[in-house]
Number of protein chains: 2
Amino acid sequence: MTTKFQTLSPALRTLADQHCHAGAARLADADLASRLSTLGGWSSADGRLSKSFAFANFHETIGFVNALAWIANREDHHPDLTVSYSRCAVAWSTHDAGGITENDVVCAAKTDRLLA
Amino acid sequence: MTTKFQTLSPALRTLADQHCHAGAARLADADLASRLSTLGGWSSADGRLSKSFAFANFHETIGFVNALAWIANREDHHPDLTVSYSRCAVAWSTHDAGGITENDVVCAAKTDRLLA
């Protein structure tokens with residue numbers, strides 16, 4: 001899943017530059033489909049935007065978790081993580097909106113940028 | 001689940017002072033039952049020793065994850081973690097042995113000691 005540096009599309013870079021806003025509404029299906037085509041490798045299920053990232057070892061995996069935590073705390077928007085030795089599955093969701101909002105899309109783009 | 005400081009029994013403290021050893025064998029059911037009665041709040045299912053810890057916020061949760069990662073790297077034995085805003089579920093298992101070994105019990109005790 002991860003090479004040393006990944007290239008972000010201009011559209012993904014623009015998304016990653018955005019910030020979370022309070023009160024974001026759940027994305028309509030068509031908007032979500034459009035966002036998923038901009039994001040690479042993310043999937044939508046059960047109102048969550050998810051992607052799994054692979055790493056060489058636990059040190060790298062925990063480094064990624066901490067970089068993600070920095071973003072989450074800055075944006076005051078927090079993912080669910082499933083962490084093992086060489087893998088971290090990330091799920092973004094907006095509980096208040098009952099599903100996926102633009103805030104989740106923005107944070108997914110910021111997540112991808114950690115590998116870019 | 002977590003108060004500020006938890007008290008460890010002498011038996012749990014003794015366990016937490018041990019270290020992982022290569023080639024640990026899967027615990028027999030009776031031995032596992034005995035270990036579970038020493039450990040508090042851990043359960044065994046699908047060859048994994050699991051417990052969920054609650055925290056006040058994401059900063060505390062990630063702090064716990066990092067303390068746990070320190071232990072995991074020191075012992076060269078790594079848990080699976082399920083991390084959300086205020087909760088971290090920890091699962092110890094020994095893949096090579098196909099289930100729960102004394103190494104998992106020792107690491108569970110070390111995990112509890114983080115809250116002690």
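All values below come from the heavy atoms of this structure, side chains included, with hydrogens, waters and symmetry mates left out. Letters go in sequence order (proteins before strands), and every chain restarts at 1.
Between the side chains of A/T111 and A/W92, at least one donor N or O sits under 3.5 Å from an acceptor N or O.
With contacts defined as side-chain heavy-atom distances shorter than 4.5 Å, the pair A/V105/A/Q18 does not qualify. Between A/E102 and A/L27 the shortest side-chain heavy-atom distance falls below 4.5 Å. Proximity of B/I100 to B/T94: side-chain heavy atoms (C-beta onward) are nowhere separated by under 4.5 Å.
Test B/K51, B/Q6, B/R13 against B/D112 for side-chain hydrogen bond (donor to acceptor under 3.5 Å, both in side chains) and you get one pass: B/K51.
Of residues 56-74 of chain B, those residues lying under 4.5 Å from chain A by any heavy-atom pair are B/F58, B/H59, B/I62, B/V65, B/N66, B/A69, B/A72, B/N73.
B/D17 and B/R113 are joined by a salt bridge, as a carboxylate oxygen and a charged side-chain nitrogen come within less than 4.0 angstrom of each other.
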